[in-house]
Amino acid sequence: MIVPKAFLKQNRKKRLEQGHPWVFPSEIEKIEGNPQGGDIVHIVNHVGHFLAQGFYNPLSQLILRVVSYSEDDVDESLFYSKIEQAWKRRQWLVPEATSCRVVHGEADFLPGLIIDKYEDVLVVQILSLGIEMRRQWIYQALIKLFNPLGIFERSDVSVRRLEGLEERMGFVDQPFETKVTVRENGLSILVDVAEGQKTGYFFDQRENRAALKPLMTGWGAGRGIKVDSNGLPIDPKGKAIKNPFWDGAEVLDCFSHTGSFMLHACQYGAKKVTCLDISEKAIEMAKSNALLNGFLHRTEFIAANAFDFLREQVKDKKTWDVVILDPPAFAKNRQAIEGALRGYKEINLQGMKLVRNGGILVTASCSYHLSAARFLTMLQEAAADAHKVLRLIEFRRAGADHPVLLGSEETDYLKFAMYEVFNR
Ligand code: SAH
């Protein structure tokens, strides 16, 4: 069989050679062999030298998406080995994870395919026509590799339209219980793969949540608590303190969704965590998770819009030891970035004001249109306006189950920073 060929222009930026997995229509000189949408095409340079094989979709701005850098056939067995390799990589790098991302699209050389493993359940999201047409290969591979309790498809995302695809969600085969309890860093977390955000949970912050550990204790002294000669805590009035979490942080977890940050905060010794989310359903889920882990007495839950809530708390002069901001992606596309930056700046500015002097701001952005550099500039502007000085504890990215391709900044989407916040 003769595979169609797409010749790239001579005077294009050599993005593909630098590791970028997409080709845009403007980079193509000519196409030979009359490919149909979803077909495999050989991507060649202007003199016909082979570069890669890619999915072709003339309806999409991502007219070619790299599937393979070899000329070997792209067939069912290749898909199987790609998924198998992706899973082996997780077992190697995140050996303790029983739930994690197994396939992260382009960065696992399966463009437009997301596979998340929730213990015995798998969730699949398909974002490209090439994968859509071959999805049976994927399901067969998953059954063979994992023998899952069931597979659920969460292709209920509007970006599919850019590929000419309708939204779809539901059981791939037999129905099963979609509420699954996953294990993470020693905690039990109940997620609903059918109803939760994205595919149900955000595995990308597993290591970042664990990084909260040292920050959750050491706050008693600042509240005037002293330890007597028997090692018992005494309050400023000289009274013995009974609360075993007297040294723990008071934490505000904004955009809490499943409450994963709250759970980690409690596990690591927080005194009290306030969870805030606009969605009643999310708040219910966070509450169930607090109950499941025995943390209910150290938590409180508020369903409100964070923009209003943060401003009101500032007005009421409320403060916390640690404020966590893990908002959804405000910038859904490049055009929306300016508006998104205003949103990020607003919550960060108000969030900083709510941190006690010497306390901590934990702040994240999962918007891949927002570079790390712009994220940091936004934080500087917020700090200036809030009259705060920030000192970095740690800047982190997504976990190892969300690989990043050098040359493809789209795969490097998660920014996560922990700062001490001082008055200025
Ligand atoms: N920290 C979460 C993930 C956050 S997802 C976790 O660890 O699971 C983003 C969450 O923000 C969603 O649950 C969504 O309901 C909530 N959200 C979106 N807009 C909001 C707003 N304006 N105010 C408060 N919550 C909001």
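All heavy atoms count here, side chains included; hydrogens, waters and symmetry mates do not. Order of appearance sets the numbers: ligands from 1, and atoms from 1 within every ligand.
- Between E17 and R12 there is a salt bridge, since at least one side-chain N of the basic residue sits less than 4.0 Å from a carboxylate O of the acidic one.
- Residues R135 and E132 are paired through a salt bridge, judged by an N-O separation under 4.0 Å between the basic side chain and the carboxylate.
- Across T178, I151, T199, a single residue satisfies side chain to side chain contact (heavy atoms under 4.5 Å, CB included) together with V123, and that is T199.
- Close approach of ligand 1 to S256 (heavy-atom distance below 4.0 Å) involves ligand atoms 1 (N), 2 (C), 6 (C), 8 (O).
- Of all protein heavy atoms, the one lying nearest to atom 5 (S) of ligand 1 is F202 CE1, 3.7 Å.
- Taking every non-hydrogen atom of N305 and a distance limit under 4.0 Å, the qualifying atoms of ligand 1 come out as 21 (C), 22 (N), 23 (N).
- The residue among S260, A306, P328 with a heavy atom at the shortest distance from atom 6 (C) of ligand 1 is S260.
- Geometrically, K88 does not engage W92 in a cation-pi contact, judged by NZ or CZ lying under 6.0 Å from the ring centre and within 45° of the ring axis.
- Residue contacts with ligand 1 for Q205 are absent, since no atom lies close enough (heavy atoms, distance under 4.0 Å).
- When heavy-atom distances to ligand 1 are checked against a 4.0 Å cut-off, C254 has no atom that comes that close, whether in backbone or side chain.
- Here atom 13 (O) of ligand 1 lies nearest to D277 when heavy atoms of D277, N208, L263 are compared.
- For ligand 1, the atoms closer than 4.0 angstrom to any heavy atom of S279 are 15 (O).
- The protein heavy atom nearest to atom 1 (N) of ligand 1 is D326 OD2, 2.7 Å.
- Residue contacts with ligand 1 for F309 are absent, since no atom lies close enough (heavy atoms, distance under 4.0 Å).
- Taking the centre and axis of the six-membered ring of F146, the NZ or CZ atom of K117 falls outside the cone set by 45° and 6.0 Å.
- Here the two rings, on Y118 and F203, have centers that are under 6.0 Å apart.
- Distance from atom 8 (O) of ligand 1 to its nearest protein heavy atom, with residue and atom name: T258 OG1, 2.9 Å.
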Original post:
What's the verdict on ring pair (Phe, Tyr, Trp, His ring centres under 6.0 Å) for H257 and F202, showing C-alpha distance, side-chain angles and the deciding distance?
Top reply: CA-CA 10 Å; H257 191 228; F202 299 93; 5.6 Å; yes
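- Using a 30° and 60° split on the angle between ring planes, F261 and F416 fall in the parallel class, below 30°.
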